Structure formats: C-alpha cells, structure tokens
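Notes to accompany the following structure.
Since the structure is predicted, the reported quantities are computational estimates derived from the model, not experimental observations. The figures here come from the full heavy-atom set of this structure, side chains too, leaving out hydrogens, waters and symmetry mates.
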Amino acid sequence: MKTIRNVFWVIALALLGWGSVNAQLWQGVGGGTNGPVTCLSHDEANGLLYVAGSFDYAGDSLVCQIAAWDGINWSKLGAGTGDTSCTTAGCQSIESVVLREGELFVGGRYGMMAGNRYWPYLNSWNGSNWTNYGPINGPVTLELLNNQLFAFGMFDSIYGQFCGRILKWNDSTWTSFGGNLPFSQAEHFYCAEYYSNRYYFGGNFEASNQMNEIVAWGSNGWEDVAGGIKGDSWVRKLKTFKNLLFVGGYFFQQDGNSADYLMTWDDVQWANPFPNVNFLGQIEDLEVIDDRLFIVGTHLIFDGSNWNGPYKLAHFDGLNFCSFGGPDLFLDNVTCLESFNSEFYISSDRIIGGDSVNYIAKWIGGDSTDICISQPVRIQDPAWTQNPSISLYPSPTKSAFTLTLPANTSTCTLKIHDITGREVAPARTYRAGDPPVDVTHLSAGLYFVEVRVKDRVEVVKLVKEN
C-alpha cells in the first residue's frame, strides 16, 4: 500500500478543479473513442497516427482496441485485435505500440479472439494480417532501443519455455535477453531506454544487490544504478535527453532520493533536474520531439516570487522549462503525448469532456506557453566527449584541479556549473602553467567545467570530495 504524499497540494488541486475545454487550445479528434486511450504512435511513412487502449469504437468506426487516424478519418487495422464483432477475452488494454521496419507490434494487458483461437498480450500487424506470438504468460510492454525491439513486463515464459522477463526480437522470433535476472522480487518491468552504451530497465522490483526499481545491462552484465531508487517506489518512464537519463516514477526526496517523481542520472550520480518545479504526481509520459523534452505530469512552477499552476504539460529545451495547456487543463489524467503532422496529440484514460472530445485531443495552440523559467542543465555536444582535447586532474579532488590544454594552446576561459546548470564559479582566464584551480569552496558532488578555447567549447566532468 502506497502512502499519500504532498497532502497540501492534493487538497489544493481538489479546490481548484480542472475547468472545461479551452476551445482556443484544444480540439477533438474525429469524435474520439468510447473508452480509454493509453498509447499513441505515429507512422510517418504511411501518414497515420495509431491510437490504442481499451475501446471498440473510434468515431463511428468499429475498431477493436486499436485504430488509425489519418488526420481526417478513422480506420481499423483488419479486425483490430479481435474478430469482426470485436469479441475480446479478458480484455483490459493495449499499453504499447511500436513500429519497426514497416511492422506494427502491439503489447499490453489484453486478450483477443480470432475465430476459435485466444491470442493474448503480444501481436503484430504487417498492413494486411495480424500475427500472434506465443503463447506468452503475462502482460507485455514494448520499446525500440538502439534500433532493437524489446518486450518486457510480467511474463516469464514464451512458446512454452522459460525466458525471463525481457525478450529481444531477432526479426523472426523472440529470444531471452539478459538471462535469469538476479532479483529476489521481480513484480513488473514498466519501461526501458538506451543510454551511455547500456540498456536501462525500470519498474517495480527488488534485489539483494541494490538493483531496486532500475537496473542497467552492459558489457559486465547486470549492474545496479547507484543503489537504485530508495523507499516504497517504482520507475515508470525513462528518456534520454541532452546526455542525461530522465527517470520518472513514484519516489520521494524524503526517502533519500534526489527529487520527487522525476530525477536525472548522468552515469555518476542522481540529481534533481528542476529545482524550481514541484511535481505533484508521477510522470505519465516523456517524449523528445523537435529537440525538446515533453513532460506529462501535474506540477507547479516557481517564477522567483510565486508558485504557478497546477499544469499538466511542459516542455524543456535544455535551458527553458515551459508549462503550457492552461493551469485549468481539462484533462483529468493524461496518459501520453505524440507528434503527428506537426501537431501534438494527447490522450487520457478518462473522458476528456466537451462534445466530441473523448479520450483524445489535438493541440492547436501553436507555440503558446503559459509560463517559462530558465532552468538549465548541462548541455554537451557528444562530439566533445568522443574527441576531447581538454582534460583535468585529479578527479575526484578535495581541493583543486589542473587543466591540460590542447597542443599549441596556452590560454582558455573556464567557469564551473553544478548539476542543475547553475554557475558556481564565474568565468576566469586560465593559462598553461597556472597554479591549480581552487575548489575548496564547493560542496561534495558532481560539477561541469566549461572550457572555452577560441571558438571551441568543451565540458569536462569534475567530482569534488569532502
């Protein structure tokens, strides 16, 4: 049983209410659906937005849990994930839809009947026919990572054989990935991401070796992530952005984590990416669109004087955090966000409200935002780290460091930022042969030294110890 947190803000939200549809910002999508929408995925090649969840109608079309929207009309994919009369068995919801090399893979907590055959949890659509994979003995979530398709969730068997809780698609069949995980309790994997040459998996699980709620697979096999997430928690969303891994879920600072509901991991330590944003509930979605990180999650934002909101939607470009959609956003529970035809679509697992706006809506507010604040994090061009010409030593250090400059370079300008991007040491000139740079005034932690040599800028990690 989870403990209720942020009681003050819960009461405040109840008093504020959510208001009604703002017709200037949002628009219905072909009459919507008659049940919850839990995932969206766009097919750029065919000009389609795939909409899936637990419903049997999209507009006036009988579609059976999944439908395609072309910007004007709804259509079904064959017989959907059921037969022509939309007969389902044990149906709950499609939870993930992934397009890979022209084939649409569908996973979730659903079962479907095709003729006399029961097809649960994992299927694919090739444009003409549905294919079932299995039998598989539990719900499935899908992710495309490093151009590889993975399936994970609550199952541990496929084709009648033990497979662990993670599968990898090899273009013809599913094979076990990672072997038998060393977990004492593996309840559910919710999400995955590829970051810094390792595969990360998040969910609700425990292990005696500190693999709690998040784990990484690399050249050394399974590894913990700095002890994992603390407290009675789980990880729900993972997304790589600006060389950081953003981790969203149900966790709290008071349990020893860096922040409530959303943190970043940089291969060294956990951090709070947005000190001036107060998230009030778990992150429902993280998507990178047009070089911005879109965040779906209820939050308040501090402008230097007051807390504003609550908002449900935000985007972040590495410097500015912007909330949009209105502080009285009508959506009761946004499940995901997707871009299609240069427009943003959001879905809900509850009726959105207002005439034809049912479970899915389209943003027509353009680039308008409600409020933006400067909230920088480290932004580093990958080329700088792959071909570095500047280094510093020692790191870790307790007192000072020395820079090594490129050949034929005698002078540079440097300044130091903390993990949030805040400048903690102003710009200064550094010359080859200068005394070491004093950092005794800095608290223990991870910092980034920004070094500018003529028109080239490099960012070098610095670990400060007590």
Side-chain angles (χ1 to χ4, degrees), residues 25-27 29 37-53 68-71 95-100 104 141-147 191-195 200 236-248 261-262 264 273-274 277 279 282-299 301 311-326 329 331 333-348 352 360-373 375-377 379-382:
L25 299 177
W26 300 99
Q27 189 177 84
V29 180
V37 175
T38 51
C39 53
L40 304 170
S41 180
H42 76 276
D43 180 350
E44 186 174 340
N46 294 304
L48 297 172
L49 176 70
Y50 296 112
V51 178
W69 172 252
D70 64 5
E95 294 186 343
S96 56
V97 177
V98 174
L99 188 68
R100 183 175 186 270
L104 188 70
T141 300
L142 299 164
E143 285 284 1
L144 193 63
L145 310 173
N146 194 30
N147 202 34
C191 54
E193 179 64 299
Y194 186 72
Y195 170 71
Y200 284 78
R236 190 73 184 187
K237 294 292 178 180
L238 298 171
K239 187 62 65 174
T240 298
F241 182 68
K242 300 296 184 184
N243 293 327
L244 294 171
L245 180 65
F246 283 76
V247 179
Y261 300 113
L262 183 65
T264 53
F274 307 121
V277 179
F279 287 97
Q282 84 168 4
I283 304 302
E284 297 296 336
D285 200 10
L286 297 169
E287 297 292 341
V288 176
I289 301 170
D290 296 333
D291 201 31
R292 290 181 291 178
L293 177 67
F294 282 79
I295 303 168
V296 177
T298 306
H299 62 277
I301 181 170
Y311 297 93
K312 284 290 185 79
L313 304 172
H315 54 72
F316 176 62
D317 63 4
L319 178 62
N320 295 305
F321 183 102
C322 297
S323 299
F324 70 101
L329 182 60
L331 294 176
N333 189 23
V334 184
T335 53
C336 56
L337 180 147
E338 184 62 277
S339 175
F340 173 63
N341 285 346
S342 301
E343 296 175 308
F344 298 115
Y345 288 72
I346 46 179
S347 63
S348 176
I352 293 173
I360 182 170
K362 179 173 68 173
W363 170 256
I364 56 173
D367 292 328
S368 64
T369 57
D370 293 275
I371 183 173
C372 290
I373 61 170
Q375 190 74 92
V377 297
I379 304 175
Q380 184 169 320
D381 188 323

Under 4.5 Å between any side-chain heavy atoms of Phe246 and Leu293, yes or no?
yes

Nearest 0.5 Å, what's the CG-CD distance between Leu145 and Glu193?
6.5 Å

Determine, step by step, whether Tyr194 and Thr240 satisfy the side-chain contact (heavy atoms from CB on, under 4.5 Å) criterion, reporting the C-alpha distance in whole Å, the side-chain angles of both residues, the deciding distance to 0.1 Å, and the verdict.
CA-CA 7 Å; Tyr194 186 72; Thr240 298; over 6 Å; no

Between Tyr195 (side chain only) and Leu238 (backbone N and O only), is there a donor and an acceptor less than 3.5 Å apart?
no

Has Ser96 got a side-chain atom pairing as donor or acceptor with Thr141's backbone, closer than 3.5 angstrom?
no

Taking the side chain as C-beta and beyond, is there a heavy-atom pair between Ile360 and Ile346 under 4.5 Å?
no

Closest non-hydrogen atom pair, Thr369 against His315
CG2-NE2, 3.6 Å

Between His42 and Tyr50, does the ring centre distance come in under 6.0 Å?
no

Distance in Å, Glu338 CD paired with Ser41 OG, rounded so as to fall on 0.5 Å steps
6.0 Å

Mind checking what makes salt bridge (charged side-chain N to carboxylate O under 4.0 Å, His left out) contact with Asp291, not counting sequence neighbours?
Lys242

What's the spacing between Leu40 CG and Phe340 CZ if we round to 0.5 Å?
11.0 Å

Check whether any side-chain heavy atom of Pro273 lies under 4.5 Å from a side-chain heavy atom of Thr264, and answer yes or no.
yes

I'd like to know if the side chain of Thr335 pairs up with that of Ser347 as donor and acceptor (distance under 3.5 Å, no hydrogens or angles considered).
yes

Pairwise distance CG(Leu99) to CG(Leu142) - rounded to 0.5 angstrom:
12.0 Å

Rounded to the nearest 0.5 Å, the CD atom of Glu95 sits from the OG1 atom of Thr38 at a distance of 6.0 Å

Do Leu245 and Val247 have side chains that get closer than 4.5 Å, going by heavy atoms?
yes

To the nearest 0.5 angstrom, please state how far the OH atom of Tyr345 sits from the CD atom of Gln27.
8.5 Å

Ring centroid separation for Phe316 and Phe294, is it under 6.0 angstrom?
no

Holding to side-chain contact (heavy atoms from CB on, under 4.5 Å), I want the full list of residues that pass it with Ile373, two or more places apart in sequence or in another chain.
Asn276, Val277, Ile301, Phe321, Gln375

Please work out whether the ring planes of Phe324 and Phe344 are parallel, tilted or perpendicular, with thresholds of 30° and 60°.
tilted

Listed pairs under 3.5 Å, donor-acceptor, residues 282-289 side chains, sequence neighbours left out:
from	atom 1	to	atom 2	distance (Å)
Gln282	OE1	Trp234	NE1	2.6
Asp285	OD2	Leu337	N	2.9

Please report whether the SG atoms of Cys39 and Cys336 are separated by less than 2.5 angstrom.
no

Assign the ring pair Trp363 / Trp26 to parallel, tilted or perpendicular, where the plane angle (0 to 90°) is split at 30° and 60°.
perpendicular

Looking only at atom types and distance, does a side-chain atom of Asp43 sit under 3.5 Å from a main-chain N or O of Leu49, one as donor and one as acceptor?
no

Using modelled atom types only, decide if a donor and an acceptor are shared between the side chain of Asp317 and the backbone of Leu319 within a distance under 3.5 Å.
yes

